[in-house]
Amino acid sequence: MNLRIRDEVKQAIEEGKPVIALESTIISHGMPYPQNVQTALQVEKIVREHGGIPATIGIIDGTGVVGMSEAEIEEFGKRGMSIPKVSRRDLPVIMATGSWGATTVATTMILAALGGVEFFVTGGIGGVHRGAELTFDVSADLEELARTNVTVICAGAKAILDLPKTLEVLETKGVPVLGYQTAELPAFYTRTSGLKVDYALKDAKEAAAVIRAKRDLGLDGGVLITNPIPEEYSMDPEAINKVIDEAIREMDEKGIKGKECTPFLLARIAEITGGESLNSNIRLVFNNAAVGTEIAKEYFRK
Ligand code: PSU
Ligand code: MN
């Protein structure tokens, strides 16, 4: 198989240590250079400080890499959007043609599972886009959560998506949506969305117990843990929602569709807010790295 697992990661998996997968689309398509590289390296550091082993995942020359080097992360950050964004349907083509590829939540889950990694920390997942009743734009991330056995720790989903519809699809697909110390679904830049999660988790221990129960039952698929952005970095909901509406209007005017939607909206929102949203984005990923590693540690505690 076209898979390269860093030795340290391989050994950690064999020893039942908490390995944390990290995605590469957030680097190449989710943030500008050089903040993308600085963030990716800092996230790896936070995972280590909490006692985990980071494994940043991407595709290099057609090989799925589980545990990229610092130089490789730097290269993903520099090349940015010129690297193809790879979801499930793209994966075989990118591998067969020996290309580079930035892995989304869906493909990071696929490669993590192939490599034996059970936990994955990111910022936000893809979901049902606004207007999906006409465009049918539903991220393949949701289908992946339905079938692949990886726990994803995120800060909810951005209001660029239709959050109620996203929750409905996750329910249909049997994906538990759990709030980390909150009963409300966080909306990425904000701690609140007005929507309830399925269950609130008290702590990392309870999270680990739920994941274990799902595995023991043989129920395939992911577990989604939504962890709200820290209060001090959260944005004013009304202000950020106005910006999101404006960015979506521009996207529609420009006729941007399909896989270009999410990267366009992220970049436009960062531009309009003068970098404030980028800072929030970075901070929430740091927070997810800390919480995600604590949960993985509990899960692997003997
Ligand atoms: N949401 C974010 N930041 C991101 C993404 C989503 O807040 O970087 C990326 C992730 O890689 C996610 C992908 O898996 O966008 C979803 O894209 P699409 O909607 O085209 O499936
Ligand atoms: Mn889409």
Side-chain angles (χ1 to χ4, degrees), residues 20 46 50 105 109 118-130 132 138-139 141-142 144-146 149-217 219 221-241 244 277 280-299 301:
I20 306 293
I46 293 168
H50 285 262
V105 168
M109 288 178 78
E118 296 183 61
F119 288 84
F120 166 23
V121 163
T122 189
I125 58 159
V128 180
H129 279 262
R130 295 195 200 170
V138 179
S139 175
D141 292 352
L142 300 184
E144 210 55 55
L145 283 162
N149 299 349
V150 171
T151 296
V152 179
I153 296 95
C154 68
K158 282 199 182 68
I160 61 174
L161 302 173
D162 186 322
L163 299 180
K165 287 195 183 82
T166 301
L167 286 180
E168 288 296 342
V169 171
L170 287 166
E171 181 197 353
T172 303
K173 295 188 178 296
V175 180
V177 179
L178 311 173
Y180 191 76
Q181 295 172 344
T182 180
E184 194 164 339
L185 178 74
F188 201 84
Y189 299 120
T190 58
R191 295 173 60 86
T192 54
S193 64
L195 301 165
K196 293 259 163 294
V197 288
D198 304 332
Y199 301 95
L201 295 167
K202 234 176 23 231
D203 51 23
K205 204 170 161 194
E206 198 170 69
V210 173
I211 299 161
R212 209 170 293 120
K214 179 161 179 174
R215 300 292 169 245
D216 289 347
L217 285 162
L219 295 176
V223 173
L224 189 64
I225 297 178
T226 62
N227 180 35
I229 183 171
E231 193 80 61
E232 69 246 66
Y233 303 113
S234 69
M235 298 177 77
D236 173 46
E238 216 172 298
I240 189 66
N241 285 326
I244 289 170
S277 68
S280 292
N281 195 342
I282 292 169
R283 293 297 172 165
L284 64 85
V285 180
F286 291 170
N287 185 43
N288 293 344
V291 166
T293 309
E294 289 302 326
I295 293 170
K297 246 168 39 189
E298 274 304 326
Y299 183 82
R301 197 181 291 282

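Atoms OH and CD, from Y180 and E294 in turn, are 7.5 Å apart once rounded to the nearest 0.5 Å. A distance of 8.0 Å separates CG of N149 from CD of E118, quoted to the nearest 0.5 Å. Note: I20 CD1 to T122 OG1 = 12.5 Å, rounded to the nearest 0.5 Å. Separating the CZ atom in F120 from the CG atom in L224 is a distance of 10.5 Å, to the nearest 0.5 Å. Atom OG1 in T293 sits 10.0 Å away from atom CZ in F119 (nearest 0.5 Å).
Using a distance-only test at 3.5 Å, with no hydrogens or angles considered, no donor-acceptor pair links the side chain of N287 to the main chain of I229. Side-chain atoms of T190 come within 3.5 Å of backbone atoms of T192 as a donor-acceptor pair (strictly under, hydrogens ignored). Remark: the backbone N or O of V175 is not paired with any side-chain donor or acceptor of K214 at under 3.5 angstrom. Between the side chain of K173 and the backbone N or O of L145, no donor-acceptor pair lies under 3.5 Å. In this structure, the side chain of T226 engages the main chain of L178 through a donor-acceptor pair within 3.5 Å. Side-chain atoms of D162 never come within 3.5 Å of backbone atoms of V128 as a donor-acceptor pair (strictly under, hydrogens ignored).
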Q: Please assess T182 against V197 for the test side chain to side chain contact (heavy atoms under 4.5 Å, CB included), listing each intermediate value before the final yes or no.
A: CA-CA 8 Å; T182 180; V197 288; 5.6 Å; no

Q: Begin with the C-alpha distance, continue with both residues' side-chain angles, and end with the deciding distance and a verdict on salt bridge (charged side-chain N to carboxylate O under 4.0 Å, His left out) for E184 and R191.
A: CA-CA 8 Å; E184 194 164 339; R191 295 173 60 86; over 6 Å; no

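Results of the side chain to side chain contact (heavy atoms under 4.5 Å, CB included) test with V105 over V150, D141, L142 single out D141 as the only residue that passes.
The shortest side-chain heavy-atom distance between R130 and I244 falls under the 4.5 Å cut-off. Within the 4.5 Å cutoff, the side chain of I211 has heavy atoms near those of the I225 side chain. Side-chain contact between P186 and N227 is absent, with no heavy atoms from C-beta onward closer than 4.5 Å. Between Y189 and S277, some side-chain heavy-atom pair lies under the 4.5 Å cut-off. In this structure the side chain of L185 never reaches within 4.5 angstrom of the side chain of T166, judged on heavy atoms.
The heavy-atom pair separating S193 from L163 by the smallest distance is CB-CD1, 4.2 Å. Between E298 and R212 the shortest heavy-atom distance is O-NH2, 3.4 Å. The shortest heavy-atom contact between G123 and C154 is O-CB, 3.3 Å. The shortest non-hydrogen separation linking I295 to I153 is CD1-CG1, 4.5 Å. Residues V138 and A132 share a closest heavy-atom pair of CG2-CB, 4.5 Å. The two residues T151 and R215 have their closest heavy-atom pair at OG1-NH2, 4.1 Å.
Summarising the local packing, CD of E232 is surrounded by more than 12 heavy atoms from other residues, nucleotides or ligands at distances under 6.0 Å.
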